[in-house]
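Below is one structure, written out as structure tokens; the observations come after it.
Computed over heavy atoms, backbone and side chain alike; hydrogens, waters and symmetry mates excluded. Model, not experiment: these values are computed from the prediction.
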Amino acid sequence: MNNKPVISLMNVTKRIGRNTIIDDLTFEVPQGEIFGFLGPNGAGKTTTIRMIVGLMSITEGQILIKGKNIKTEFEQAIRHVGAIVESPEMYKYLSGYHNLIHYARMVPGVTKERIDEVVSLVKLENRIHDKVKKYSLGMRQRLGVAQALLHRPSLLILDEPTNGLDPAGIRELRDYLRHLTHTEGITVVVSSHLLSEMELMCDRVAILQQGKLVDVMPIERLTHGNDQAQTYQIKAKPLELALSTIKQMEEVLEVKLTQDAHIEVTTREERIPDILVELMQNNIRIYGVQMVLQSLEERFLEITGAGQIG
């Protein structure tokens with residue numbers, strides 16, 4: 001896989017009047033990755049996307065797409081981008097197929113074979129000749145993605161793509177985006193305030209709050225928490241003896257009992273074997289050990305100190 005960034009933001013700032021909407025964003029996204037903008041409503045996700053696709057001017061900084069500056073080389077940069085900002089616009093009285101034909105006429109080099117190819121990619125073969133007014137919201141989203149893919153972009157940008165979708169539609173879209181990155185090598189940038197969906201969909205996320213970049217991290221690190229200390233759940237008997245034994249050990253940051261009579265221990269991973277050895281030497285039987293993963297919502301609140309998700 002090519003490790004050169006498909007999109008780079010360098011010190012990007014957006015001001016409207018005296019208000020700073022986006023404050024000094026810097027990050028890059030390589031080929032074949034699903035990259036998420038995560039943050040509460042009003043954090044600046046849609047504003048950032050609008051600047052990336054040229055719908056909003058940049059006050060300071062640069063946005064490069066495949067090395068082309070969106071500000072000074074707009075046509076060369078935007079030809080690499082397919083996007084759905086807010087909701088896909090379709091002619092509801094036309095069929096899905098005729099919507100794609102209409103759009104293809106505006107884009108040089110899109111053949112009938114390419115239209116058939118994207119229809120197959122988004123799995124709309126059985127309904128593509130139906131009128132769009134008969135489509136479910138999920139089908140319209142897939143048709144919008146097909147339209148965005150017609151010109152073979154390197155970068156697909158989706159702003160809140162799961163809005164209005166039922167659980168089945170959300171899962172379908174998520175699976176499709178995974179398929180797209182793996183088979184086509186396309187980079188996907190997606191924004192959402194739905195933490196659970198970002199957890200399942202993205203490889204990495206940029207956490208935004210009040211227009212500022214809090215952090216960029218792999219989704220695994222976001223859910224696993226602190227690399228230095230982690231919480232583990234131990235099932236052992238006799239329970240009180242196990243609890244008192246662990247409390248006396250060094251480098252144990254916290255020990256507590258759960259409602260289902262397990263012991264939760266917060267410590268470094270390297271200390272877990274020592275804890276288990278100590279328990280066994282005290283004739284304590286061990287029935288199970290597992291890491292306790294924080295939910296994405298818990299980590300988000302921990303990182304940002306936010307009182308609400310959005």
Side-chain angles (χ1 to χ4, degrees), residues 1-14 22 24-39 44-58 60-85 88 107-110 114 117-118 121-122 144-161 173-192 197-198 200-208 213 215-222:
M1 182 182 292
N2 183 359
N3 289 322
K4 289 184 179 179
V6 171
I7 179 170
S8 303
L9 276 73
M10 293 169 283
N11 308 111
V12 172
T13 297
K14 176 65 182 177
I22 299 297
D24 198 34
L25 291 190
T26 297
F27 61 85
E28 56 187 35
V29 187
Q31 180 185 340
E33 179 175 270
I34 302 181
F35 184 86
F37 290 138
L38 179 61
K45 304 184 298 295
T46 296
T47 299
T48 303
I49 284 175
R50 284 179 170 274
M51 288 192 291
I52 290 172
V53 299
L55 293 176
M56 186 175 282
S57 63
I58 304 165
E60 293 176 11
Q62 292 185 346
I63 296 175
L64 303 183
I65 300 170
K66 298 285 283 187
K68 302 297 181 182
N69 192 312
I70 197 73
K71 200 175 192 177
T72 60
E73 304 169 282
F74 179 76
E75 288 188 9
Q76 297 98 311
I78 206 67
R79 71 176 54 160
H80 298 292
V81 179
I84 303 175
V85 181
V107 183
V110 177
R114 178 57 180 170
E117 188 178 344
V118 296
L121 270 174
V122 300
V145 171
Q147 177 178 295
L149 292 175
L150 276 175
H151 62 296
R152 300 182 187 275
S154 302
L155 175 65
L156 177 64
I157 299 176
L158 305 174
D159 185 23
E160 298 279 1
L173 179 66
R174 183 176 70 231
D175 291 346
Y176 169 66
L177 293 179
R178 281 277 173 209
H179 170 75
L180 200 61
T181 55
H182 291 157
T183 60
E184 298 274 298
I186 290 175
T187 297
V188 178
V189 171
V190 57
S191 79
S192 182
E197 283 313 309
M198 298 295 268
L200 294 170
M201 188 183 299
C202 296
D203 300 302
R204 289 191 304 149
V205 292
I207 301 172
L208 299 179
L213 182 65
D215 204 353
V216 176
M217 62 179 69
I219 202 71
E220 293 86 357
R221 183 156 69 87
L222 189 58

* Any donor and acceptor pair, going by atom type alone, linking the side chain of Arg50 with main-chain N or O of Leu55 inside 3.5 Å? -> no

* Starting at CD of Glu60, measure out to CD1 of Ile22 and round the result to the nearest 0.5 Å. => 13.0 Å

* Electrostatic pair Glu117-Arg152, nearest N-O below 4.0 angstrom -> yes

* On the 0 to 90° scale, with breaks at 30° and 60°, tag the Phe37-Phe27 ring pair as parallel, tilted or perpendicular. => perpendicular

* Answer yes or no: is there a donor N or O on one side and an acceptor on the other, between the side chain of Lys14 and the main chain of Ser57, under 3.5 Å? => yes

* Asked: What distance separates Thr13 OG1 from Leu25 CG, expressed to the nearest 0.5 Å?
  -> 7.5 Å

* Asked: Under 3.5 Å, side chain of His151 to main-chain N/O of Val81, donor-acceptor pair present?
  -> yes

* Asked: Measuring from Thr187:OG1 to Leu180:CG, what's the distance to the nearest 0.5 Å?
  -> 10.0 Å

* Should Ile52 and Val12 count as side-chain neighbours, where that means a heavy-atom distance under 4.5 Å? -> no

* Sidechain N-carboxylate O distance under 4.0 Å for Asp203, Arg178 -> yes

* Would you confirm whether Lys45, through its side chain, and Leu208, through its main-chain N or O, come within 3.5 Å as a donor-acceptor pair? => no

* To do: Locate the shortest heavy-atom distance separating Leu156 from Val145; write the atom from each residue and the value.
  => CD2-CG1, 4.2 Å

* Structure fact -> Smallest heavy-atom separation, Cys202 atom then Ile219 atom, equals O-CG2, 3.4 Å

* To do: Using the side chain to side chain contact (heavy atoms under 4.5 Å, CB included) rule, take Val118 and Gln147 through it: C-alpha gap first, then chi angles, then the decisive distance, then the call.
  => CA-CA 8 Å; Val118 296; Gln147 177 178 295; over 6 Å; no

* Do you know the tightest heavy-atom contact between Asn69 and Lys71? -> OD1-N, 2.8 Å

* Asked: Parallel, tilted or perpendicular: which fits the ring planes of His179 and Tyr176, with parallel below 30° and perpendicular above 60°?
  -> tilted

* Closest non-hydrogen atom pair between Leu213 and Ala206, with its separation -> CD1-CB, 3.7 Å

